[in-house]
Amino acid sequence: TAIEAISNGERGSRVPGIDRKDEIGAIAKSVATLQTQLSEADELRKTQKAAEAKSEEARLATMERLRNAVGDGVSAAIEGDFTQQVDTSRLDAETVELGKSVNRLNELIDHGLTATSQAISALANGNLTTRMEGNFTGAFASLQSDVNRSIDQLSQVVNKISTTATATQSQARDIAESASQQAERASQQAAALEETNASMEDISQKVRSNAETAAQSSATSEEVTNGASTARNVADQAVEAMRKVDESVSKVSEITALVD
């Protein structure tokens, strides 16, 4: 029957009794209308499937173009090169904004890494005046703050060390100068004592000579001789003490030179 044919997917079969004026004719007309509606629904489904297939093809084509255009830039970024740009001329209106966004992202990362590298490189070369320059936001702003604060703190430490070293060097020079003056004075005093010792030796010789030739005043001469000998012993002890002082000053000078 016509209804069985419609249920089996046949849309072109003729519905009998459609020209009748009774209830069967009305039923036949309803079946014919249903058949037409089902045919239209079938055509609509076919059109939709075709449109979906075409849309999928377009989507795949767009993705292929996007992959070809963005792929090189993304691959370079994965390898650490953020200078590569997406060729937006190869993209359509739907994906060109995505390509531009990728380019802006690469530019931002490259700018941040370059500024960081310049500051760290200058620091490694002993330059404590270079800072991470630029207007950054987000993670790069935090990185900029940390890098610049670290350089500032290191600069303060170096300045303190330099100031302390300068003061220590000045004190060492003062100590060396004082030791040198003491050594010079000790040398002068030792020379004076040597002269005194020589004079005492002369006196002692004269006293002994007078004692030998003046027997009548032996007691007085003996006392004078003993006094001269005592004076000579004192002078010898003083010379020995000054020699030890001179040796101590020389050691102080050597230690001061080593500290300097």
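By convention here, the first residue in the shown sequence is residue 1. Here the structure is a predicted model, which is why all the values come from computation and not from measurement.
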*Asks:* Return yes if some donor-acceptor pair links the side-chain N/O of Thr166 with the main-chain N/O of Ser162 below 3.5 Å, else return no.
*Replies:* yes
*Asks:* Linking I/L/V/M/F/W/Y whenever their side-chain heavy atoms sit closer than 4.5 Å, directly or via other members, would Leu108 and Val102 fall into one cluster?
*Replies:* no
*Asks:* Say whether, by atom type as modelled, one donor and one acceptor occur between the side chain of Ser55 and the main chain of Ala51 under 3.5 angstrom.
*Replies:*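 Side chain of Ser55 to backbone of Ala51, a donor-acceptor pair under 3.5 Å: no, none is there.
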*Asks:* Quick one: closest heavy-atom pair of Glu133 and Ala115, and the distance?
*Replies:* O-CB, 3.6 Å
*Asks:* Using modelled atom types only, decide if a donor and an acceptor are shared between the side chain of Ser150 and the backbone of Asp146 within a distance under 3.5 Å.
*Replies:*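 Answer holds: yes.
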*Asks:* What verdict does the salt bridge (charged side-chain N to carboxylate O under 4.0 Å, His left out) test give for Arg149 and Asp152, after you've listed the backbone C-alpha separation in whole Å, the side-chain angles of each residue and the deciding distance to 0.1 Å?
*Replies:* CA-CA 5 Å; Arg149 186 171 64 253; Asp152 289 339; over 6 Å; no
*Asks:* Among all residues two or more places apart in sequence or in another chain, which pass the side chain to side chain donor-acceptor pair (under 3.5 Å) test with Thr83?
*Replies:* Asp81
*Asks:* Hey, could you give me the OG1/CD1 distance between Thr116 and Ile120, rounded to the nearest 0.5 Å?
*Replies:*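 If I round to the nearest 0.5 Å, the distance is 7.0 Å.
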*Asks:* Quick one: pull up OG1 in Thr168 and CD1 in Ile175 and give me the separation to the nearest 0.5 Å.
*Replies:*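 Reported to 0.5 Å precision, the distance equals 9.5 Å.
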*Asks:* What's the verdict on side chain to side chain contact (heavy atoms under 4.5 Å, CB included) for Glu97 and Lys100, showing C-alpha distance, side-chain angles and the deciding distance?
*Replies:* CA-CA 5 Å; Glu97 289 301 324; Lys100 290 181 179 179; 3.9 Å; yes
*Asks:* Can you tell me how far the CZ atom of Arg45 sits from the CD atom of Gln48, to the nearest 0.5 Å?
*Replies:*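 Rounded to the nearest 0.5 Å, the CZ-CD separation comes out at 8.5 Å.
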*Asks:* Count I, L, V, M, F, W, Y as connected when their side-chain heavy atoms are under 4.5 Å apart, and connections chain through other members. Are Leu113 and Leu105 then in the same cluster?
*Replies:* yes
*Asks:* So which atom in Glu107 and which in Gln85 form the shortest heavy-atom distance, rounded to 0.1 Å?
*Replies:* OE2-OE1, 3.6 Å
*Asks:* Any chance CG of Asn135 has more than 12 other-residue heavy atoms, nucleotides or ligands included, within less than 6.0 Å?
*Replies:* no
*Asks:* Is Leu154 reachable from Val147 through a run of hydrophobic residues whose side-chain heavy atoms are each under 4.5 Å from the next?
*Replies:* yes
*Asks:* Which heavy atom of Gly112 sits nearest a heavy atom of Met132, and at what distance?
*Replies:*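 So the two residues come closest at O-CE, 3.8 Å.
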*Asks:* To the closest 0.5 Å, what do you measure between OG (Ser155) and CG (Asn148)?
*Replies:*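 The OG atom of Ser155 sits 12.0 Å away from the CG atom of Asn148.
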*Asks:* Write down the atom of Ala119, the atom of Thr130, and the distance for their closest heavy-atom approach.
*Replies:* CA-CG2, 4.2 Å
*Asks:* If you look at every heavy atom in Arg131 and Leu128, which pair is closest and at what distance?
*Replies:* NH1-O, 2.7 Å
*Asks:* Report the residue from Gln169, Gln171, Glu177 that forms a side-chain contact (heavy atoms from CB on, under 4.5 Å) with Arg173.
*Replies:*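 Filter result, single survivor: Gln169.
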